[in-house]
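Numbered from 1 within each chain, the chains take letters A, B, ... in sequence-line order. Side-chain atoms are counted along with the backbone in the values below, which use heavy atoms only and exclude waters and symmetry mates. Owing to the predicted nature of the structure, the values given are computational and were not obtained by experimental measurement.
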Protein chains: 2
Amino acid sequence: MTATVRIDLDSGDPVWRQIADQVRAALVSRRVKPGAQLATVRELALDLGVNHNTVAEAYRQLAAEGFLQLERGVGALVLDREAPRPPAAEQERFARRLKLLLAEARAAGVPVAALRKTIEEVL
Amino acid sequence: MTATVRIDLDSGDPVWRQIADQVRAALVSRRVKPGAQLATVRELALDLGVNHNTVAEAYRQLAAEGFLQLERGVGALVLDREAPRPPAAEQERFARRLKLLLAEARAAGVPVAALRKTIEEVL
DNA sequence: ACGCTTGTATGCCTTGACCAGACAAATTGT
DNA sequence: ACAATTTGTCTGGTCAAGGCATACAAGCGT
């Protein structure tokens with residue numbers, strides 16, 4: 001059993017990144033704990049209706065970030081990963097992305113209260 | 001004079017969208033007010049070191065969203081645009097993106113306090 | 001040892017970003 | 001009025017990346 005992943009083909013950003021993002025979110029929030037087994041690339045691919053290479057690309061990304069350990073014949077193992085010390089430039093980059101997303105949401109008419117609610121829901 | 005736009009070629013998402021996002025942020029925050037003239041597509045393109053078509057694509061996007069009025073021989077005029085009533089599905093979509101971005105930031109090691117600070121800075 | 005499962009590598013096609021340059025409409029100068 | 005200039009738009013072309021089908025390699029179970 002893994003995190004239920006939802007794919008939006010009209011999203012604009014690639015499917016493999018959507019998968020990586022959502023699985024990462026599940027791992028960071030500890031909804032899936034270290035030691036657990038994720039779905040195999042083919043399982044998840046079949047579930048999502050995409051090619052297994054697409055899922056494999058997402059898994060490789062997470063493995064490169066230190067979240068997963070991939071092994072042939074075994075599958076994807078969730079590692080215990082402590083948060084790194086990000087450089088200030090990296091933090092600034094996230095700050096920019098956050099500002100832009102909030103601006104886009106407000107431009108779309110999403111009320112500020114709704115945004116706050118979602119934020120508090122995460123932290 | 002327009003909003004100072006910064007392009008990140010390694011960002012992964014297309015330049016025209018980066019431009020659109022940043023200009024939109026400037027418009028939503030009212031740092032550029034309705035009635036003002038934006039830089040022409042060629043001016044901004046020269047400034048950023050990209051092709052004028054790239055900027056034009058970004059401007060077209062904003063025009064389609066109702067932010068700008070484009071006219072040949074004139075330029076880009078900032079319109080007065082009231083926030084639409086977004087459907088619940090749209091709000092949910094933004095909520096998802098927001099959660100994912102925050103998860104990614106936390107995964108990168110950005111402290112929660114820094115995130116809160118940036119958020120408050122916008123609202 | 002054999003077959004099955006699992007991640008990986010290769011090759012191909014399609015899509016989209018970006019660009020160069022030509023075109024069309026509106027303004028400006030004379 | 002006319003012509004030149006300015007401005008957004010359109011067309012065609014190149015290239016990188018996403019996604020897929022298929023074949024390969026490594027580990028596990030019987």
Rounding to a whole Å, what distance do you find between B:L46:CG and C:dA20:P? 12 Å

Nearest nucleotide by nearest heavy atom, which residue falls closer to the 5' end of DNA chain C, A:V41 or B:L9? A:V41

Apply salt bridge (charged side-chain N to carboxylate O under 4.0 Å, His left out) to A:D21 and A:R6, showing your working. CA-CA 11 Å; A:D21 287 347; A:R6 293 265 306 166; over 6 Å; no

How close or far is atom C1' of D:dC28 from atom CG of A:L77, stated in whole angstroms? 16 Å

Please report, rounded to the nearest Å, how far the C1' atom of C:dG16 is from the CZ atom of B:R17. 11 Å

Which part of the nucleic acid, if any, lies within contact of B:R60, taking any heavy atom under 4.0 Å across all strands shown: a base, the sugar-phosphate backbone alone, or nothing? sugar-phosphate

Is the distance from OP1 or OP2 of C:dA20 to the nearest side-chain N or O of B:N51 less than 4.0 Å? yes

Picking from C:dT27, C:dA17, D:dC28, the nucleotide nearest the side-chain atoms of A:V74 would be D:dC28

Side chains of B:L68 and B:L79, heavy atoms from C-beta outward: is any pair under 4.5 Å? no

Applying a 4.0 Å non-hydrogen cut-off, can you work out what A:E71 is touching in the nucleic acid: base, sugar-phosphate, or nothing? sugar-phosphate

Looking at A:T54, does any N or O in its side chain come under 4.0 Å of the phosphate oxygens OP1/OP2 on D:dC20? yes

Whole-Å distance between C:dT6 P and A:Q69 CD? 16 Å

Residues B:Q22 and B:Q18: side-chain donor-acceptor under 3.5 angstrom: no

Rounded interatomic separation in angstrom, taking CG from B:D8 and P from C:dC18: 12 Å

Any chain of hydrophobic side-chain contacts (each under 4.5 Å) joining A:L46 to A:V50? no

Tell me the interatomic distance from B:I7, atom CD1, to C:dA17, atom C1', rounded to whole angstroms. 13 Å

Let me know, please, whether A:H52 or A:G73 comes out on the 5' side of the other along DNA chain D by nearest nucleotide. A:H52

Interatomic distance, A:E57 CD vs D:dA21 C1' [rounded to whole Å]: 17 Å

Taking atom types as modelled, find out whether A:Q61 and A:E57 have a side-chain donor-acceptor pair closer than 3.5 angstrom. no

Taking the minimum atom-to-atom distance to the side chain of A:R72, which one of D:dG18, C:dT6, C:dC18 wins? C:dT6

Provide, to the nearest angstrom, the distance between the CD atom belonging to A:Q37 and the C1' atom belonging to C:dG7. 13 Å

C:dT6, D:dT9, D:dT7: which one has an atom nearest the side-chain heavy atoms of B:T40? D:dT7

Residue B:N53, side-chain atoms from C-beta onward, closest of D:dG19, D:dT22, C:dA20: C:dA20

